[in-house]
Structures are given as C-alpha cells and as structure tokens.
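Notes to accompany the following structure.
Note that the structure is predicted; figures quoted are calculated from it, not measured. Numbers here simply count residues along the sequence, with the first being 1.
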Amino acid sequence: MRTTTKPPDAPWRAPTRRRRADLTVLGVEAALLALAVAAGAVLNARDAGLHADAAPLYATWRPHLCWGTPAAVLVAVVTVGVGVRWASTARWGPLLGTAWLTSAAWTLSLALVDGWSAGLTERLTPQAEYLHEVPGVTDVPAMLAGFTGRILDFQPDSWSTHTAGHPPGALLFFVGLDRVGLGGGTAAALACVLLGTSVTVSVPVALRALGAEPAARAVLPFLVLLPGAVWVGASADGVFTGVVAAGLALLAVRGRLAPAAGGLLLGVALHLSYGFVLVGLLAVAVLALRPAGRVAALAAGSAGVAAVVVAFTAAGFWWWDGYRLVVQRYYQGWAADRPYGYWVWANLAALLLCAGPAVGPALRRAVAAGVVAVRSAWRGAALRLAARAAGPTVVLPVAAAVAVLAADLSGLSKAEVERIWLPFAVWLLVATAHLPASTRRWWLAGQAVTALAVNHLLWTVS
C-alpha cells in the first residue's frame with residue numbers, strides 16, 4: 001500500500017499567512033475603534049452619562065493646527081526614515097541618549113500643537129489638578145497625617161479630583177518641585193515630559209539586562225514615537241510612567257544595589273497611584289526572567305517596597321485606608337453615571353490610540369511565539385523553563401496585558417485610560433520586537449500617524 005506525504009509548505013507561505021493574520025488583527029482594531037466612536041456618539045446624543053465628548057477618549061472634537069505641527073511631523077519623518085536602521089547599529093550609550101532626546105522632542109512637539117500655554121503651561125493648573133493644592137501644603141507631615149480625612153467629596157476641605165484620586169506621593173512630587181524653585185505650570189509640565197520620555201532608556205535597559213539587546217533595539221523606535229506621548233505631555237501620568245519603568249528596569253539590572261533601588265521606586269509608584277498594585281505582575285515577570293540572582297533581587301526589591309510603605313505609614317498615611325476611601329470618592333463623581341457596559345470594551349479602543357495600531361499584531365505574534373516556546377518546553381520535560389524560553393518579549397507584554405484586563409474588568413477605570421494605562425502601554429510595545437524587520441518602518445509610520453491624527457483632530461484633556 002502506497003502512502004503519500006503532504007509536501008511541506010513553500011518557504012514564502014508561512015510569512016504570508018502571518019502577514020495576513022496581522023492585517024486581520026489590524027482590521028479588528030479598526031472595527032473596535034469605529035464601533036466605540038459610533039456607540040459613544042449615540043450614547044452622548046442620548047445623554048447617557050459618558051462624560052466624554054469624544055468617547056472613547058476623554059477629549060472634545062476640535063480640529064486645529066499650531067506651530068508644534070511642523071516640528072512633530074519633522075520628528076516623525078526623521079525617526080521613521082532612519083530610526084529603525086540606526087537603532088540596530090548605533091553604540092548603546094549614544095543610542096539611548098538620542099532616543100530620550102528625540103522622544104522628548106516628539107512629546108513637546110505634540111503638546112505644542114495646542115500652543116505653549118494650553119499645551120504646556122496651563123495643562124496642570126486647573127482646579128482638578130495637583131498644582132491647585134500645592135500652595136496650601138505648608139506642612140508636609142501634617143498633610144500626610146490628615147490626607148485620608150480629605151479624600152471624600154462634599155466636604156469644605158476636600159482634595160481636588162486628581163489629588164483625592166491618588167495616594168499622597170503624587171501631590172508630594174509637585175510640592176517637591178515647588179520647594180526646589182520649580183513651581184508653576186511650565187516647570188511641572190516639562191518635568192512630566194522629561195520623566196515620561198525616560199521610558200526610552202528604562203525599557204531598553206531592562207530588556208538588555210534580561211538578555212534581549214536585539215529586541216531592545218527593535219522596540220526603541222516604537223517607544224520614541226509612542227502615540228501615548230499625546231498624554232505624556234503634559235500629565236502626571238507621564239511621571240508615573242517614568243517611575244514605574246525605571247523601577248522595573250532596576251529590578252532587572254545585575255548588582256546588589258540596583259534591585260533595592262528598583263524596589264524603592266516601585267514602593268514610591270505604589271504611593272503615586274492605587275492602580276499600581278497591578279505593577280506587581282510585571283515585577284514578578286522581570287524577576288522570573290532574570291538570568292541569575294532572582295532570590296536576592298526579590299529580597300532586595302521587597303525590602304525597598306517595604307521601606308517606602310513603612311515610611312508613609314509612619315508619617316500617618318496608610319495605603320489601604322486611602323484605597324478604601326478613594327473607591328467611595330470614585331463613585332461620588334462621574335463614575336456613578338458612566339455605564340460599565342460601554343467602557344468595559346471601549347476602554348480597549350482608547351488603549352489602541354495610546355499604544356498605537358502596531359500593538360495588536362505585535363501581541364498576536366508574541367503570544368504565538370510564547371505558545372511555541374511552552375510547547376517546546378513541555379516536550380522537553382522542562383515546563384518550569386517555559387517563561388525563560390519564551391523570553392522577555394513575550395512574558396513582559398503578556399503580563400502588561402493581564403494587568404490592563406484586570407484594571408478594565410474592575411470597573412475602576414471607566415474612561416480616561418489613554419493616560420491612566422500609559423505605564424502598561426509602554427510594556428505592551430515590547431511585543432513589537434516580533435514584527436518582521438521588513439515591515440517595522442510601516443508599522444512605525446502608523447504609530448506616528450495615529451498620534452498626529454489624535455492631537456490635531458481632538459482637544460485632549462489630562
């Protein structure tokens with residue numbers, strides 16, 4: 001009896017199938033965004049309590065141009081034109097420095113599309129923002145001791161919206177700027193930009209420390225032209241993003257002091273936003289991926305986090321009490337009106353505009369690579385090595401995706417996630433290392449176009 005063997009696929013078929021799958025995911029992203037915009041328009045017309053005129057983004061429709069427009073286009077064109085190739089060959093130190101400067105230029109240019117005053121100087125000065133509270137903080141210990149007593153709304157001395165919605169570390173940052181002579185909206189906005197764009201150093205450093213330097217170089221241009229830069233410049237979430245990324249990078253770096261310093265920064269992050277308890281998923285992923293010294297790094301990092309928690313507790317602020325009260329404050333405001341049934345999926349459309357269209361196809365490829373790695377580890381009777389076999393370009397974006405889904409399902413992130421989820425979006429983009437080298441320039445162009453479109457068609461609010 002003659003048997004037949006199925007001939008192997010032609011070499012070009014597998015890449016073609018994967019590219020078709022990428023386009024399919026891109027189509028799903030476009031459909032999700034279109035549906036979120038259409039449903040948002042209908043719900044706003046019915047006065048359904050979205051409290052977001054340009055849902056799924058917290059913004060208003062206002063096409064506009066300003067002198068930041070040519071600067072932003074120039075940065076995008078240069079980065080798309082030479083960034084991918086240069087990132088693959090440049091010396092490491094100059095590469096990181098140039099990336100940080102370019103990212104800052106990109107972020108500032110996007111902010112200046114709204115003008116100097118509206119885009120930077122006045123962005124952090126409204127009543128809802130932290131700077132509104134800075135002049136009233138004359139005694140820091142007293143502020144910390146009495147912080148939770150002012151979280152709930154409808155009291156004579158209630159904190160403003162953003163201050164009440166976060167632990168006191170966020171307010172302390174801006175108080176600290178003021179104390180060293182960098183008070184006012186302009187200095188605060190520039191600090192947000194500089195710290196927020198530092199992810200172009202922290203994320204590649206983490207990847208390199210975890211043994212993935214080629215991936216770090218591939219991801220770097222996508223971090224530079226991050227569409228979420230629209231909200232990094234200027235909002236406190238840019239600061240939060242930079243602190244989280246630096247803390248995770250230090251956890252990955254070898255040495256005795258780096259993980260402890262990373263733990264300290266992550267402890268600070270925990271007192272910048274209650275939602276950063278989910279950063280623990282990324283921290284565990286980083287520790288699991290370290291090539292050596294995982295136990296020592298875990299101990300040092302945990303000690304760093306504990307030191308910050310103890311310091312804040314000793315000063316009179318207990319994190320858990322703050323969290324419990326902030327949930328009550330959350331439902332004293334717009335969250336009581338905003339429909340969960342819309343935002344639970346429309347949030348993901350907002351995330352697409354923050355992370356960019358490349359994130360979906362990149363995640364698909366990363367997950368596929370992870371499945372192959374796990375299967376190989378299973379066959380080799382070494383399942384415990386699956387995470388390391390998959391590598392940081394799979395584990396880190398998957399951990400970030402899980403954190404985002406947890407935040408989304410919690411119902412405590414209804415709208416405004418385009419800035420709130422920035423600290424996770426930059427780690428989702430680690431998956432872009434899986435995009436084919438021949439297509440990265442096109443995906444990078446799509447990222448830039450997304451940011452330019454959002455910033456010129458909408459008036460965003462931080």
Side-chain angles (χ1 to χ4, degrees), residues 92 169 198-199 201-216 219 241-314 319-320 366 369-370 373-403 406 423-424 426-428 430-431 433:
W92 184 249
S198 68
V199 298
V201 174
S202 299
V203 174
V205 164
L207 291 173
R208 191 187 195 209
L210 297 174
E213 182 176 332
V219 169
T241 302
V243 171
V244 168
L248 292 171
L250 287 168
L251 276 188
V253 171
R254 295 182 182 181
R256 296 179 179 179
L257 297 179
L264 286 171
L265 282 180
L266 294 180
V268 169
L270 196 60
H271 289 81
L272 294 174
S273 173
Y274 296 101
F276 289 161
V277 69
L278 294 171
V279 171
L281 294 172
L282 280 162
V284 169
V286 168
L287 290 170
L289 290 164
R290 278 178 61 96
R294 288 185 290 277
V295 175
L298 172 61
S302 299
V305 172
V308 176
V309 173
V310 168
F312 272 92
T313 303
W319 188 94
W320 183 255
V374 169
R375 285 178 177 172
S376 299
W378 180 271
R379 292 192 186 109
L383 187 58
R384 65 185 179 85
L385 300 177
R388 293 184 63 188
T393 59
V394 173
V395 176
L396 292 175
V398 168
V402 172
F424 302 105
V426 296
W427 295 97
L428 290 174
V430 170

Legend entry - Those residues that, when tested against T393, pass side chain to side chain donor-acceptor pair (under 3.5 Å) (two or more places apart):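 Side chain to side chain donor-acceptor pair (under 3.5 Å) list for T393, sorted by chain: H434.
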
Heavy atoms only: give me the nearest [X]-[Y] pair and the separation to one decimal.
| X | Y | value |
| --- | --- | --- |
| V394 | A369 | CG2-CB, 4.2 Å |
| A285 | V395 | CB-CG1, 3.7 Å |
| P397 | P392 | CD-O, 3.4 Å |
| L282 | F424 | CD1-CD2, 4.0 Å |
| A216 | P204 | CB-O, 3.6 Å |
| A406 | L278 | CB-CD2, 4.0 Å |

Inset, instruction - Report the residues that fulfil ring-ring contact (aromatic ring centres under 6.0 Å, His included) with F312, sequence neighbours left out, ordered by chain and then residue number. - result: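 In terms of ring-ring contact (aromatic ring centres under 6.0 Å, His included), with neighbours along the sequence ignored, F312 is linked to H271.
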
Suppose we screen for side chain to side chain contact (heavy atoms under 4.5 Å, CB included). Which residues come up paired with [X], at least two apart in sequence or across chains?
| X | answer |
| --- | --- |
| L428 | L351, V359, L363, A400, A401 |
| S198 | W100 |
| L270 | V277, V309, W319 |
| A258 | L250, V253 |

Legend entry - Backbone of L251 reached by a side-chain donor or acceptor of R290 within 3.5 Å: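 Confirmed, R290 side chain pairs with L251 backbone.
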
Would you call [X] and [Y] a side-chain contact if the rule is heavy atoms closer than 4.5 Å?
| X | Y | answer |
| --- | --- | --- |
| F276 | V243 | no |
| V426 | V244 | no |
| L289 | L396 | yes |

Inset, instruction - Could you name each residue pair satisfying ring pair (Phe, Tyr, Trp, His ring centres under 6.0 Å) that touches residues 287-311, not counting sequence neighbours? - result: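 Found none.
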
Let me check something: any side-chain donor-acceptor pairs from residues 206-213 under 3.5 Å, sequence neighbours excluded? List them with distances.
{"residue": "R208", "atom": "NE", "partner": "E213", "partner atom": "OE1", "Å": "3.0"}
{"residue": "E213", "atom": "OE2", "partner": "R217", "partner atom": "NE", "Å": "3.1"}
{"residue": "E213", "atom": "OE2", "partner": "R217", "partner atom": "NH2", "Å": "3.1"}

